[in-house]
There are 4 protein chains.
Amino acid sequence: MLVSDEHKSEAGSRQGRGRGRPRNAEVDRAVLAAAVDLLAEHGFGQLTVEAVASRAGVGRPTVYRRWPTKEDLAVHALIHSVPPLTAPDTGDAVGDLCELAVGFVTELSNSPLGSVVLGVHAECGRRPELGNPLREHYLQPRDAVITDLVERGRREGAIRPDIPADTVRDLVFGPLIYRWLITGEPVDRATAELLVSTARRAVAPGER
Amino acid sequence: MLVSDEHKSEAGSRQGRGRGRPRNAEVDRAVLAAAVDLLAEHGFGQLTVEAVASRAGVGRPTVYRRWPTKEDLAVHALIHSVPPLTAPDTGDAVGDLCELAVGFVTELSNSPLGSVVLGVHAECGRRPELGNPLREHYLQPRDAVITDLVERGRREGAIRPDIPADTVRDLVFGPLIYRWLITGEPVDRATAELLVSTARRAVAPGER
Amino acid sequence: MLVSDEHKSEAGSRQGRGRGRPRNAEVDRAVLAAAVDLLAEHGFGQLTVEAVASRAGVGRPTVYRRWPTKEDLAVHALIHSVPPLTAPDTGDAVGDLCELAVGFVTELSNSPLGSVVLGVHAECGRRPELGNPLREHYLQPRDAVITDLVERGRREGAIRPDIPADTVRDLVFGPLIYRWLITGEPVDRATAELLVSTARRAVAPGER
Amino acid sequence: MLVSDEHKSEAGSRQGRGRGRPRNAEVDRAVLAAAVDLLAEHGFGQLTVEAVASRAGVGRPTVYRRWPTKEDLAVHALIHSVPPLTAPDTGDAVGDLCELAVGFVTELSNSPLGSVVLGVHAECGRRPELGNPLREHYLQPRDAVITDLVERGRREGAIRPDIPADTVRDLVFGPLIYRWLITGEPVDRATAELLVSTARRAVAPGER
DNA sequence: CGTTAAACGAGACGGTACGTCATGTCTTCGA
DNA sequence: TCGAAGACATGACGTACCGTCTCGTTTAACG
């Protein structure tokens, strides 16, 4: 299952701890879950706040109180639904990295949510206020995991020290993601492993 | 300039050469150009048929006569506007391929249209009727150019014969595209060259 | 049957007997007949030139060439379809007049076209250019017949000489038409005869 | 002024006193008033929901929420705008009835709204769902007033007891309405009085 | 323990865009 | 030149959502 509840920061972040009735945390959950479902079913373009609210059993203003626009909602739904990367640690850092990449992409490409990721990224590309939460909650945690692995790989002598960690990331994840999202060709495990095993030649210390 | 008029197939593909008044090809051009402009200015999500028609100096039904939905229009506008890849031929096939990739991505990432590509791809991902024209007119011609280059590279002995052409494509283009579209980090020429020069190690014949 | 072809003046009245291909009179007929049918079926508000042309097996511009607007077409279709009044002559002018009125209204109220008359009159009320042909070809011929009858009635001593002919007309036709078109109550023969037989008391010479 | 606000039944008849935000009665008023104005200015055929909404300072969907079609709106605007008949009571019932008829028609025929009545009636003739409100709110109240007058006239011995009230109505109102709406001839006070004074001979008890 | 302020479901509201349809004009072809 | 076909600019149609705004009700925390 892809859903993860580990994000602590409350949705609309009403810090006031004020007088009135406190927000119902259950509503946050239900709305995000409904948004995730509808994104998976119909895609980002067809997502309507109306439908999300109705499926969550909630009024429309209750949704807007937490996420001011449809795009905000979608971004947070995505953040909410994609599980954090967790790297194995077998002692072979590059192997772990490859396993991580292959697992991530094959899992995502088999999930109905997969095809939504692109649409959300597209929307975020033009709007910094959307892109920031996505970067902060989605990309950076993944980058941190990857950077750690690359660091480990360097210490193990399996990754050339002159290549920056983000370049390694691009080289390992890029081909997989590109094939999956852009070309639309299938990314089964065999294909994924072919791609990463070839890519790892690029980052391995040269014979010369 | 990115706009190219080389697509022969007429828009709505009324092949009939029928009885009535023939369609005005100038209208096709004006509408696609208007759509491209508006996509570049406001992005896919803010594109409206109304605005396209009005900027093209055309009635709304005239747009719908050719492209039945907004998405159709956007896809064809994109196809219409991105120039065909043309590979150099310096005798160094892998160098040509890398130059092609670097040039393509740096050019696109500096064009206002660049940030639109992702949104259109996202929309196409869930709708085969949109994806097909995109694949046919956009991806396949590019693939053909790349495959030719890879073929040449193999004959020159610069590319390992056991790697399929599409894998080469993914390895060379993937990291660039991934960095540009997904991570949102800048892709200047130096970064691009670092990525492809590293990637080419993966496809070069091994020392052993 | 209500349709009558006795109107001599051709539709668009191209008198020129010009050089080119002459107009096909059959087309005039077919278009008017189609218009009458559609008026009867769907009413004036739902009439479309498109549908008329298509049912007549004719192009839309061919219709417009003859009648410049939809309203024009409808007015002429109505004129074309309602038969001229023909008064009996039994020697009893007032009886003839009453018979005329009763026959006219009962016939019209049983025709599917009946309910269209009102709509066309309504349209003509605000547009003199429509009202004129209606008056000229529809109302005036009827008025002439009625005026003749009233004249005869006066000579027979059955109609008071101090009442103008148009007042007689209003008194005899008005109640019938009012009941039929405005109140929507049924106008069967019995009701019609009750109305006119009462009305004729109003125009008969007084006992005193 | 012709506008009257006496109709109690709310527009869209949302009786539920439901949960959500209640409808703004002021909007009902503004929309109907705008519709009346536009009907008077341009007639039924040229009425557009767009224009009504805009003149009322209201969104188009707000109009549709209350009246599902243009015709519905027009019917209710008409009902809303025409004042109820109020009969004088001078002790002379037939005189009162005639005065009522003459006043009604001369007033209406001088109102810009007058020429609209016919169009609305025409539309109602073919659609029971439109005709019903018109009958209920417009015709029946008038009929009730007239029937009362006829009753009074009978008790005063001024109306023959063997003529039904609706026949009296048709005989008195019919000629006036017919002349005004159908023939298009002017209905000034003199003409109107000639018509009704003649018509009253038909309903007066005979000398014989 | 009662006040009270906010959350909540519902749904009206002014907008904007959708995709369709009809009008009346025009342009091309074939007769 | 007519007539059929159909493109064209225009503009209204009726629907769907948007994001905001009342409503009346519920629910905790404060006083």
Side-chain angles (χ1 to χ4, degrees), chain A residues 12 14 16-24 27 46-54 56-70, chain B residues 12 14 16-24 27 46-51 53-54 56-70, chain C residues 14 16 18-24 27 46-51 53-54 56-71, chain D residues 12 14 16-24 26-27 46-51 53-54 56-66 68-70:
Chain A
R14 229 201 5 124
R17 213 59 218 89
R19 282 278 284 283
R21 172 176 172 179
R23 288 203 185 151
N24 184 346
V27 166
Q46 318 305 328
L47 185 71
T48 71
V49 175
E50 168 76 30
V52 171
S54 142
V58 141
R60 221 148 26 97
T62 299
V63 176
Y64 282 112
R65 197 171 296 124
R66 291 166 163 78
W67 299 279
T69 68
K70 178 168 82 154
Chain B
R14 240 210 347 135
R17 204 57 215 90
R19 289 276 285 275
R21 173 175 174 179
R23 290 203 183 151
N24 184 346
V27 166
Q46 317 306 327
L47 185 72
T48 72
V49 175
E50 167 74 29
S54 139
V58 143
R60 217 149 25 100
T62 297
V63 176
Y64 283 113
R65 201 182 340 272
R66 290 165 163 80
W67 301 279
T69 68
K70 179 169 79 156
Chain C
R14 230 199 9 122
R19 289 277 285 280
R21 170 175 171 180
R23 287 203 185 154
N24 184 345
V27 166
Q46 318 305 327
L47 185 72
T48 71
V49 175
E50 168 77 31
S54 141
V58 141
R60 220 148 28 93
T62 299
V63 176
Y64 283 112
R65 199 171 295 125
R66 290 165 163 79
W67 299 279
T69 69
K70 179 169 82 156
E71 289 79 15
Chain D
R14 243 211 344 136
R17 199 60 211 89
R19 292 277 285 277
R21 173 174 172 179
R23 291 202 182 152
N24 184 347
E26 176 58 23
V27 166
Q46 317 306 326
L47 185 72
T48 72
V49 175
E50 167 75 30
S54 140
V58 143
R60 216 148 29 97
T62 298
V63 176
Y64 284 113
R65 196 174 296 124
R66 291 166 161 79
T69 67
K70 180 169 80 156

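Keep in mind it's a predicted model, so treat the numbers as computed, not measured.
Counting only heavy atoms from C-beta on, A:Pro22 has its side chain closest to F:dA29 among F:dA29, E:dT27, E:dG24. Closest to the B:Arg21 side chain, of the nucleotides F:dC13, F:dC2, F:dA7, is F:dA7.
Atom CD in B:Glu50 sits roughly 20 Å away from atom P in F:dA16 (whole-Å rounding). Distance D:Glu26 CD to E:dA12 C1': 15 Å, rounded to the nearest Å. Between C:Tyr64 atom OH and F:dG3 atom P there is a gap of 17 Å when expressed in whole angstrom units. For the pair B:Trp67 CH2 and E:dC18 C1', the computed distance is 18 Å after rounding to whole Å. Here E:dA7 presents its C1' atom at 14 Å from CZ of D:Arg19, a figure rounded to the nearest Å. Spacing between atom CG of C:Asn24 and atom C1' of E:dA31 amounts to 13 Å, rounded to whole angstrom units. At whole-Å resolution of the value, CZ in B:Arg65 and C1' in E:dC21 are 12 Å apart. Between the CD atom of B:Gln46 and the C1' atom of F:dC18 there is a distance of 12 Å, rounded to whole Å.
Closest non-hydrogen pair, B:Lys70 versus B:Val49, comes out as CB-CG2, 4.2 Å. Listed here is the closest heavy atom pair of A:Arg66 and A:Asn24: NH2-O, 3.3 Å.
Ranked by how close their nearest DNA chain F nucleotide is to the 5' end, B:Val58 and D:Ala51 are led by B:Val58. DNA chain F is contacted by both B:Gly57 and D:Val49; B:Gly57 maps to the nucleotide lying nearer its 5′ end (nearest heavy atom per residue). Between D:Arg60 and C:Pro61, it is D:Arg60 whose nearest contact on DNA chain E lies nearer the 5' terminus. Between C:Lys70 and D:Thr62, it is D:Thr62 whose nearest contact on DNA chain E lies nearer the 5' terminus.
Counting non-hydrogen atoms under 4.0 angstrom, C:Val27 reaches nothing in the nucleic acid. Residue contacts for D:Pro68: at a heavy-atom cut-off of 4.0 Å it reaches no nucleic acid atom on any strand shown. Residue-level contact check: C:Gly59 touches the backbone only, with heavy atoms under 4.0 Å from sugar-phosphate atoms and none from bases.
OP1 or OP2 of F:dC8 lies within a sub-4.0 Å distance of a side-chain N or O belonging to B:Arg66.
Considering only heavy atoms from C-beta on, C:Arg60 stays 4.5 Å or farther from C:Val63 through its side chain.
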